Trainee: 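Structure below; questions to follow.
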Amino acid sequence: SRRKKIDEEFFEELEEILIGADVGVNTVMTLIDELRDEVKKRKIEEPSELQPILSEKLVEMLKGSGDDVGMKENPNGITVILFVGVNGVGKTTTIGKLAWRYKQQGKNVLLAAGDTFRAGAIEQLEVWGQRVGVDVVKQDSGADPAAVMFDAVQEAKRRNVDVLICDTAGRLQNKHNLMEELAKIHRVIQREIPSAPHETLLVLDGTTGQNALQQAKLFGEKSGVTGLVLTKLDGTAKGGIVIAIRNELKLPVKFVGLGEQMDDLQEFDADQFVHALFAGMAGTEETEGENESQ
Amino acid sequence: MAFEGLTTRLQNVFGKLKGRGKVSEDDVNEAMREVRLALLEADVNFKVVKDFIAKVKERATGQEVEKSFTPAMVIIDIVNKELTELMGGTQEKLAKASKPPTVILMAGLQGAGKTTLTGKLAKLLQSQNHKPLLVAGDIYRPAAIKQLEVLGGQIGAPVFALGDKVSPVEIARQGVQQAKEQGNDYVLIDTAGRLQIDEQLMQEIKDIHAAVKPDEVLLVVDAMTGQEAVNVAKSFHEQLALTGVVLTKLDGDTRGGAALSVKAVTGCPIKFASTGEKIDQLEAFHPDRMASRILGM
Ligand SMILES: Nc1nc2c(ncn2[C@@H]2O[C@H](COP(=O)(O)OP(=O)(O)OP(=O)(O)O)[C@@H](O)[C@H]2O)c(=O)[nH]1
Ligand SMILES: Nc1nc2c(ncn2[C@@H]2O[C@H](COP(=O)(O)OP(=O)(O)OP(=O)(O)O)[C@@H](O)[C@H]2O)c(=O)[nH]1
Ligand SMILES: [K+]
Ligand SMILES: [Mg+2]
Ligand SMILES: [Mg+2]
């Protein structure tokens with residue numbers, strides 16, 4: 001059903017769509033206020049005129065300056081990519097997918113099994129290594145992850161690979177010691193290759209709510225996060241919190257995860273993402289089923 | 001980004017009262033807006049918030065608040081009590097079959113903490129002199145079986161596995177059979193993470209359910225889950241008839257409003273709180289503590 005006029009109910013519905021998509025609560029309140037002003041100023045009467053304005057604002061926010069969207073590479077040597085994030089968000093799986101992506105581009109890839117803590121974590125990465133056809137540098141379970149990283153960088157240099165992708169154990173951002181361990185991992189990599197890591201990607205579970213903002217803030221402080229990967233968007237969650245993260249912390253989304261298979265990784269597309277936010281909303285042109293794309 | 005607890009927020013609302021000395025309807029409305037925001041920031045689902053606010057407002061417009069010298073405190077008290085009530089009031093225990101073994105089936109989204117919980121529950125049951133058998137029913141995730149075997153090894157509990165070529169339904173069935181033969185009084189079945197909209201995998205877990213008729217079906221929910229928690233819980237409940245919920249990763253700094261959403265849509269008790277990566281970090285769930293946490297108190 002298409003709504004006929006812009007009234008309180010309409011703004012409420014917009015607010016609920018945004019909140020329901022986990023867009024940051026503060027961001028939503030600000031956006032809705034801005035829209036109210038816009039309606040007065042421009043004397044907008046049709047809901048169909050307002051929705052594109054909102055979409056545009058969101059896309060603009062997500063795109064930011066735009067110069068940080070692609071993956072940074074090391075022009076003269078090994079590109080090192082470090083993965084960080086809380087438990088169970090999809091770090092290891094995304095590493096498998098990204099390795100596959102680089103492999104397909106004809107690059108030489110090496111993986112570092114930096115999660116020496118979780119049961120079966122090393123074996124999980126090894127299975128991914130086999131699937132994709134890339135080698136994994138590892139030590140025993142329980143080893144110092146910084147030592148694994150040191151080994152991995154040496155091995156990457158020895159083999160002169162194009163890309164080294166480093167897995168780390170999941171950790172909650174409020175665990176001081178574990179966050180310090182991450183800072184150490186970061187330092188070790190940097191000591192061996194001064195320009196590295198070239199990307200530090202924070203993986204966020206698409207179903208996560210407001211806490212993701214805190215994750216981005218604290219991981220950013222401890223490991224110099226350069227970008228985000230938003231996973232599990234093959235479900236019905238929208239992952240809207242990245243809008244607040246982009247807005248408040250300036251971190252771009254680089255990739256989205258859309259499943260558990262090797263090729264379920266896509267480059268982030270702001271337009272498509274915002275489009276999916278409004279899928280199913282009354283008063284817009286969206287039709288059912290579109291929210292499955294992203 | 002810094003979160004203001006509900007106490008501060010409400011005190012700000014009613015701080016303006018000083019000198020006027022009377023609570024008006026507008027004051028209550030403004031207070032309710034603050035309660036709403038606090039709950040949304042805690043990730044309580046917006047529909048659940050709506051119902052909840054309506055309920056609280058009804059009580060808050062009564063005499064209690066108007067006559068009070070500390071209206072903020074009275075409202076917090078009302079909110080707190082209603083929240084605790086909604087979350088189940090008292091603590092509930094794990095089911096027990098009249099004739100052993102008690103079969104417990106884990107269910108939930110990817111990465112929620114099912115496998116870890118399977119290990120933790122086994123450890124807890126061992127400490128109560130039970131003999132749990134762990135069943136490796138996730139044949140999809142790379143090294144999922146290995147993960148469960150490592151956990152079982154850590155606590156000296158047997159793990160039943162048939163590799164990743166046998167169907168999970170068959171694995172579960174044979175696992176329960178082995179428990180009967182070898183005298184295990186609890187069977188904990190780990191399953192693969194699945195999206196509630198994945199028809200094939202939801203059918204699979206329904207088939208496991210039909211095959212082993214579990215005494216307890218636990219939905220494992222990551223406490224950091226946002227608005228999506230209601231969809232997940234509702235759908236799993238409709239398809240599987242859940243009997244309980246376990247909230248994981250509560251050792252984080254999330255407010256955990258998902259707890260309220262899940263409870264509100266399923267009506268199932270939240271039975272445990274998982275509070276760490278180590279195998280002994282499992283606690284009974286306390287509705288009153290969770291209420292305070294959601295409110296930032
Ligand atoms: N549906 C879906 N599942 C995913 C996606 N990405 C990862 N997963 C699943 O999420 C679960 C956790 O993924 P992992 O890669 O092990 O996550 P992690 O962050 O490495 O976890 P820890 O190392 O334990 O902290 C696995 O079951 C994955 O298959 C995705 O994009 N969509
Ligand atoms: N901090 C913390 N981490 C936890 C807790 N419970 C589980 N984890 C971690 O969360 C991650 C995922 O846990 P798993 O037990 O593998 O989750 P799962 O639901 O079995 O995942 P899939 O099988 O991939 O669907 C691992 O890194 C666990 O160590 C908890 O209560 N607190
Ligand atoms: K999760
Ligand atoms: Mg991992
Ligand atoms: Mg598992």
Side-chain angles (χ1 to χ4, degrees), chain A residues 15-16 19-22 24-26 28-29 86-90 92-93 96 117-128 130-131 141 169-175 205-215 217-218 231-232 234-241 244 248-249 259-260 292, chain B residues 1 3 37-38 40-47 49-50 109-116 119 140-154 192-198 222-232 235 248-249 251-258 276-277 279:
Chain A
E15 188 181 298
E16 286 182 350
I19 296 271
D22 290 314
V25 176
N26 283 331
V28 173
M29 299 307 159
V86 300
N87 310 80
V89 288
T92 308
T93 307
F117 180 76
R118 209 208 61 217
I122 299 170
E123 291 84 352
Q124 183 189 5
L125 191 69
E126 283 185 303
V127 172
W128 273 105
Q130 280 155 18
R131 274 190 192 171
S141 170
R171 67 200 74 219
L172 298 178
Q173 71 276 8
N174 61 333
K175 302 281 174 78
D205 185 323
T207 53
T208 307
Q210 305 296 306
N211 191 251
L213 201 50
Q214 200 62 13
Q215 291 171 26
K217 189 168 176 254
L218 296 180
T231 61
K232 311 186 191 178
D234 45 328
T236 48
K238 309 278 191 183
I241 195 66
E248 294 184 27
L249 302 170
E260 300 182 78
E292 277 157 34
Chain B
M1 187 170 310
F3 183 91
L37 276 179
L40 289 175
E41 283 175 357
D43 288 319
V44 182
N45 181 269
F46 71 89
K47 290 184 198 130
V49 171
K50 210 178 220 174
L109 297 181
Q110 287 91 347
K114 295 173 295 299
T115 307
T116 307
Y140 307 104
R141 170 174 166 160
I145 299 170
K146 171 77 187 179
Q147 184 185 359
L148 195 68
E149 282 172 346
V150 170
L151 293 172
Q154 279 176 18
R194 65 201 72 218
L195 297 169
Q196 80 281 6
I197 54 165
D198 185 328
D222 185 326
M224 294 176 277
T225 312
Q227 295 287 315
E228 180 69 359
V230 291
N231 297 332
V232 175
S235 187
T248 64
K249 309 180 197 175
D251 44 324
D253 56 9
T254 182
R255 313 201 73 93
E277 293 182 78
I279 201 136

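Computed from a prediction, not measured in an experiment: that's the story for all the values here. Chain A is the first sequence line, chain B the second, and so forth, proteins listed ahead of strands; every chain is numbered from 1.
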Trainee: Within the side chain of D22(A), is there an N or O that forms a donor-acceptor pair under 3.5 Å with the backbone of D43(B)?
Mentor: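 Judged by distance alone, no pair lies under 3.5 Å.
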Trainee: Looking at every heavy atom in both R131(A) and Y140(B), which two are closest together, and how far apart are they?
Mentor: NH2-O, 4.1 Å
Trainee: Can D253(B) and Q214(A) be said to form a side chain to side chain contact (heavy atoms under 4.5 Å, CB included), step by step?
Mentor: CA-CA 8 Å; D253(B) 56 9; Q214(A) 200 62 13; 3.4 Å; yes
Trainee: Under 4.5 Å between any side-chain heavy atoms of D222(B) and T207(A), yes or no?
Mentor: no
Trainee: For the candidates K50(B), Q154(B), E149(B), which exhibits the highest count of non-hydrogen atom pairs separated by less than 4.5 Å from chain A?
Mentor: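 Most heavy-atom pairs within the cutoff with chain A belong to K50(B).
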Trainee: Should E41(B) and N26(A) count as side-chain neighbours, where that means a heavy-atom distance under 4.5 Å?
Mentor: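 SC-SC contact between E41(B) and N26(A) confirmed.
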Trainee: I need the residue from E15(A), E16(A), Q215(A), R171(A) with the largest number of non-hydrogen atom pairs under 4.5 Å to chain B.
Mentor: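 Looking at each of E15(A), E16(A), Q215(A), R171(A) in turn, E16(A) comes out on top.
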Trainee: Side chain, backbone, both or neither: which part of D251(B) has a non-hydrogen atom closer than 4.5 Å to chain A?
Mentor: both
Trainee: Mind ranking L125(A), V86(A), V25(A) by heavy-atom pairs under 4.5 Å with chain B and telling me who comes out on top?
Mentor: V25(A)
Trainee: Strictly distance-based, threshold 3.5 Å: is any side-chain N or O of K249(B) a donor or acceptor partner for the main-chain N or O of N87(A)?
Mentor: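 Yes, K249(B) side chain to N87(A) backbone: donor-acceptor pair under 3.5 Å.
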Trainee: Given side-chain hydrogen bond (donor to acceptor under 3.5 Å, both in side chains), test E260(A) with Q110(B) step by step and report yes or no.
Mentor: CA-CA 9 Å; E260(A) 300 182 78; Q110(B) 287 91 347; 2.8 Å; yes
Trainee: Looking at D234(A) and I197(B), what are the two nearest heavy atoms and their distance?
Mentor: O-CD1, 3.6 Å
Trainee: Show your reasoning for whether side chain to side chain contact (heavy atoms under 4.5 Å, CB included) applies to T93(A) and R141(B).
Mentor: CA-CA 9 Å; T93(A) 307; R141(B) 170 174 166 160; over 6 Å; no
Trainee: If I compare all heavy atoms of W128(A) with all of P142(B), which pair ends up nearest, and what's the gap?
Mentor: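 The answer is NE1-CG, 3.6 Å.
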Trainee: Kindly give the heavy-atom pair with the smallest separation between A143(B) and Q124(A), and that separation in Å.
Mentor: CB-N, 3.5 Å
Trainee: Between the side chains of Q196(B) and T236(A), does any donor sit under 3.5 Å from an acceptor?
Mentor: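 Yes - a donor-acceptor pair under 3.5 Å links their side chains.
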Trainee: Please state whether the side chain, the backbone, both or neither of K47(B) comes within less than 4.5 Å of a heavy atom of chain A.
Mentor: neither
Trainee: Among R118(A), E126(A), M29(A), Q173(A), who wins on heavy-atom pairs under 4.5 Å with chain B?
Mentor: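 So the answer, after comparing R118(A), E126(A), M29(A), Q173(A), is R118(A).
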Trainee: Write down the atom of V150(B), the atom of A119(A), and the distance for their closest heavy-atom approach.
Mentor: CG1-CB, 3.6 Å
Trainee: Which region of I145(B), side chain (C-beta onward) or backbone (N, CA, C, O), has a non-hydrogen atom less than 4.5 Å from a non-hydrogen atom of chain A, or is it both or neither?
Mentor: neither
